[in-house]
> 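Just dropping this structure here.
Keep in mind that this is a model prediction, so the values were computed, not measured.
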Amino acid sequence: MAALTFLGIESSCDDSAAAVVRADENGVAEVMASVVEGQTSLHAAFGGVVPEIAARAHAERLDYCVDRALSEAGLSLHNIDGIAVTSGPGLIGGVLSGVMLAKGLAAGAKRPLWGVNHLAGHALTPRLTDGLPFPYLMLLVSGGHCQFLIVEGVDRFRRLGGTIDDAPGEAFDKVAKLLGLAQPGGPVVEREAADGNPARFTFPRPLLDRPGCDLSFSGLKTALLRARDALVAEKCGITVQDRRDICAGFQAAVTDVLAEKTHRALAIYLEQRPLVPALAVAGGVAANKTIRARLETVCGENGVRFVAPPLRLCTDNAAMIAWAGIEQARAGMPSGIDLVARPRWPLDAQAAPMIGSGKKGAKA
Ligand code: KG4
Ligand code: ZN
């Protein structure tokens, strides 16, 4: 196969990102540059991502991200074989900012254009980092996503289940808010939990009593709110140790749910008798050491390889979009200049639609 160098552009949520990825004749990939400009401070006062603010910030910053990515890679647009852009799912204003910029660059530099599904970008990342062969099982766990997918091909995904309400990262963020901790909540709650007693508060393990791989996290947050309020009513406030114990109890509940559902998803996946069985994770929540260690144990018990790409490629970035563009180009799935931006775009059109819309926009 021919070597390919792609520019990737990502703007579906609150990260403006551009990257350059090169895949050589043997398919071995190198991330030549990956620029991510977060927007956390712009949305901090609002308790969530404000779509209009996000879209405006993307429109202001994306061209700068592209310039920086190209200059860090030491290339110009004329050295690029193709431009890949997230064309959904996500907050539509942001997706449009990226798609319009990509169309302009493609038309101006006469380069082919590829529309990439953001979730496909996450799902194909283990092939960029570890060269995983199809089929592998993917667990996406972030502030906006939570689903199990069997990745069978560049454009073939089977969704085994996902959250019916909040994503786990969203739950970590809400818990931090309930306890007066900083955002994003995941790392802070993890730090608090490290000094807490996970057995003091027993929070529910939602949906474990039902078959299948769907998950739910919103009830957990309500249970935690009740536990907090009971403490406040009893002694007019909560101590530092109370807070640590609540965080530890919450993290233990999320970990138990993810572990059990992963067992179930692996059982379905292993029915396909994959040659190199593997579970890959992506998303910010995969950074959590307790969750990660437990998933690794579950994989060990099932004789399955555990793959966790480096965090900067697990969270939202444009290298995964450039790579997915290369994979699509190699599979002969061209897009064109009439590419449309899609707010919703499920990877598995056969699976039942997912319910709800998270803090970070529509789930798909
Ligand atoms: O993948 P990501 O950077 O962005 C998207 O959601 O698309 O994930 C961010 C989410 C946030 O909700 C954050 O609280 C959570 O991942 N997170 C964590 C940890 N680090 C980040 N959750 C649990 N433990 C962590 N260490
Ligand atoms: Zn994402």
> Would you find more than 12 non-hydrogen atoms of other residues, nucleotides or ligands less than 6.0 Å from Arg312 atom CZ?
no
> For the pair Arg264 (side chain) and Gly212 (backbone), establish whether a donor and an acceptor sit closer than 3.5 Å, ignoring hydrogens and angles.
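At least one qualifying donor-acceptor pair exists.
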> Closer than 3.5 angstrom, by distance alone: can the side chain of Asp214 be matched with the main-chain N or O of Gly162 as a donor-acceptor pair?
yes
> Given the rule that I, L, V, M, F, W and Y join up when any side-chain heavy atoms are under 4.5 Å apart, are Leu178 and Phe201 in one cluster?
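Yes, same cluster.
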> Is a side-chain donor-acceptor pair under 3.5 Å present for Gln272 with Glu152?
yes
> Sub-3.5 Å donor-acceptor pair from the side chain of Lys261 to the main-chain atoms of Leu207, do we have one?
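At least one qualifying donor-acceptor pair exists.
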> Let me confirm one number: the CG-OG1 distance from Asn317 to Thr125, rounded to the nearest 0.5 Å.
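Here the rounded value is 6.0 Å.
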> For the pair Asn197 (side chain) and Ala199 (backbone), establish whether a donor and an acceptor sit closer than 3.5 Å, ignoring hydrogens and angles.
yes
> Hey, is the main chain of Ala167 close enough, under 3.5 Å, to the side chain of Glu170 for a donor-acceptor pair?
yes
> For residues Ser12 and Glu10, is any side-chain donor paired with an opposing acceptor at under 3.5 Å?
yes
> For Gly115, does its backbone N or O pair with a side-chain atom of Gln328 as donor and acceptor, under 3.5 Å?
yes
> Between the main-chain N or O of Leu339 and the side-chain N or O of Lys103, is there a donor-acceptor pair closer than 3.5 Å?
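Here the side-chain-to-backbone pair exists.
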> So does Lys289 have more than 12 non-hydrogen atoms from other groups sitting under 6.0 Å from NZ?
no
> Just checking Arg56: does its CZ atom have more than 12 heavy atoms from other residues, nucleotides or ligands closer to it than 6.0 angstrom?
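Not more than 12 within 6.0 Å, no.
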> Calculate, to the nearest 0.5 Å, the distance between atoms CZ and NZ belonging to Phe250 and Lys174 respectively.
10.5 Å
> Considering only NZ, NE, NH1 and NH2 on the basic side and carboxylate oxygens on the acidic side, decide whether Arg292 and Glu296 come within less than 4.0 Å.
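Between Glu296 and Arg292 there is no salt bridge, as every charged N stays at least 4.0 Å from the carboxylate O atoms.
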> Between Asp81 and Arg111, does any side-chain N to carboxylate O distance fall below 4.0 Å?
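Between Arg111 and Asp81 there is no salt bridge, as every charged N stays at least 4.0 Å from the carboxylate O atoms.
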> Should Leu224 and Leu220 be marked as a side-chain contact (heavy atoms from CB on, under 4.5 Å) after you check the CA-CA gap, both sets of side-chain angles, and the distance that decides it?
CA-CA 6 Å; Leu224 191 144; Leu220 244 178; over 6 Å; no
> Tell me whether Val285 shares a hydrophobic cluster with Met138, the cluster being built from Ile, Leu, Val, Met, Phe, Trp, Tyr side chains joined at under 4.5 Å.
yes
> Closer than 3.5 angstrom, by distance alone: can the side chain of Ser11 be matched with the main-chain N or O of Gly94 as a donor-acceptor pair?
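Yes, the answer is positive, given that a donor and an acceptor are paired below the 3.5 Å cut-off.
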> Taking all non-hydrogen atoms of both residues into account, name the closest pair between Ala322 and Val21 and its distance.
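Heavy atoms only, the tightest pair is CB-CG2, 3.7 Å.
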> Partners of Arg68 by salt bridge (Lys or Arg N to Asp or Glu O under 4.0 Å), sequence neighbours excluded?
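For Arg68, the residues satisfying salt bridge (Lys or Arg N to Asp or Glu O under 4.0 Å) (neighbours in sequence not counted) are Glu37, Glu72.
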> Could you label the plane-to-plane angle of the Phe6 and Trp114 rings as parallel, tilted or perpendicular, counting under 30° as parallel and over 60° as perpendicular?
tilted
> If you take all heavy atoms of Phe217 and Cys146, which pair is closest and at what distance?
CE1-SG, 4.0 Å
> Cation-pi between Arg158 and Tyr269: NZ/CZ under 6.0 Å from ring centre and within 45° of the ring axis?
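Checked: cation-pi criterion not met.
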> For the CE atom of Met32 and the CG atom of Leu70, what is their distance to the nearest 0.5 Å?
10.0 Å
> Side chain of Asn26, backbone of Val28: donor and acceptor closer than 3.5 Å?
no
> Just one of Asn117, Leu313, Val281, Leu140 clears the side-chain contact (heavy atoms from CB on, under 4.5 Å) bar with His122, so which one?
Leu140
> Should Ile268 and Val257 be regarded as members of a common hydrophobic cluster, given that ILVMFWY residues are connected when their side-chain heavy atoms come within less than 4.5 Å of each other, either directly or indirectly?
yes
> Please enumerate all residues that pass ring pair (Phe, Tyr, Trp, His ring centres under 6.0 Å) together with His58, with sequence neighbours excluded.
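His58: no ring pair (Phe, Tyr, Trp, His ring centres under 6.0 Å) contacts found.
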> Does atom CD1 (Ile337) have a neighbourhood of more than 12 heavy atoms from anything else shown, all under 6.0 Å?
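Correct, the count exceeds 12.
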> Quick one: pull up CD1 in Ile291 and CG in Leu139 and give me the separation to the nearest 0.5 Å.
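The CD1 atom of Ile291 sits 9.5 Å away from the CG atom of Leu139.
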> Would you check if there is a donor-acceptor pair between the side chains of Asn302 and His263 at a distance under 3.5 Å?
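Per modelled atom types, His263 and Asn302 side chains form a pair under 3.5 Å.
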> Please report the closest heavy-atom contact between Glu190 and Thr290, naming both atoms and the distance.
OE2-N, 4.1 Å
> Charged N to carboxylate O under 4.0 angstrom, Arg200 versus Asp245?
yes
> Closest heavy-atom contact between Ala324 and Val116?
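So the two residues come closest at CB-CG1, 3.6 Å.
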> Does any non-hydrogen side-chain atom of Val307 lie less than 4.5 Å from one of Tyr136?
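Sidechains of Val307 and Tyr136: no contact.
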> Search all heavy atoms of Ala33 against all heavy atoms of Ala69 and return the closest pair with its distance.
CB-O, 3.2 Å
> Indicate yes or no: does Arg228 engage Asp242 in a salt bridge with an N to O separation below 4.0 Å.
no
> How many angstroms lie between atom OG1 of Thr86 and atom CG of Asp316, to the nearest 0.5 angstrom?
8.5 Å
> Where is the tightest heavy-atom contact between Ala55 and Ser97, given as atom of each residue plus distance?
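Scanning both residues completely, I find the closest heavy atoms to be O-OG, 3.4 Å.
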> Going by distance alone, is a donor N or O of one side chain under 3.5 Å from an acceptor N or O of the other, for Asp166 and Ser218?
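On atom types as modelled, these side chains do not qualify, holding no pair under 3.5 Å.
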> Main chain of Leu132, side chain of Asp130: is a donor-acceptor contact present, judged purely on distance under 3.5 Å?
no
> Leu62, Val50: one ILVMFWY side-chain cluster at the under-4.5 Å cut-off?
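Each belongs to a different hydrophobic cluster.
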> Do Leu4 and Val66 share a hydrophobic cluster (ILVMFWY, side-chain heavy atoms under 4.5 Å, transitive)?
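Each belongs to a different hydrophobic cluster.
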> Take Cys299 and Leu279, measure what side-chain contact (heavy atoms from CB on, under 4.5 Å) needs, and give me the verdict at the end.
CA-CA 7 Å; Cys299 283; Leu279 167 78; 3.5 Å; yes
> Does Arg294 come within less than 4.0 Å of Asp256, counting only side-chain N to carboxylate O?
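Answer for the salt bridge query: yes.
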> Working note: Asp155 + Met333, criterion side-chain contact (heavy atoms from CB on, under 4.5 Å); need CA distance, chi angles, decisive distance, verdict.
CA-CA 9 Å; Asp155 193 32; Met333 295 154 42; 3.5 Å; yes
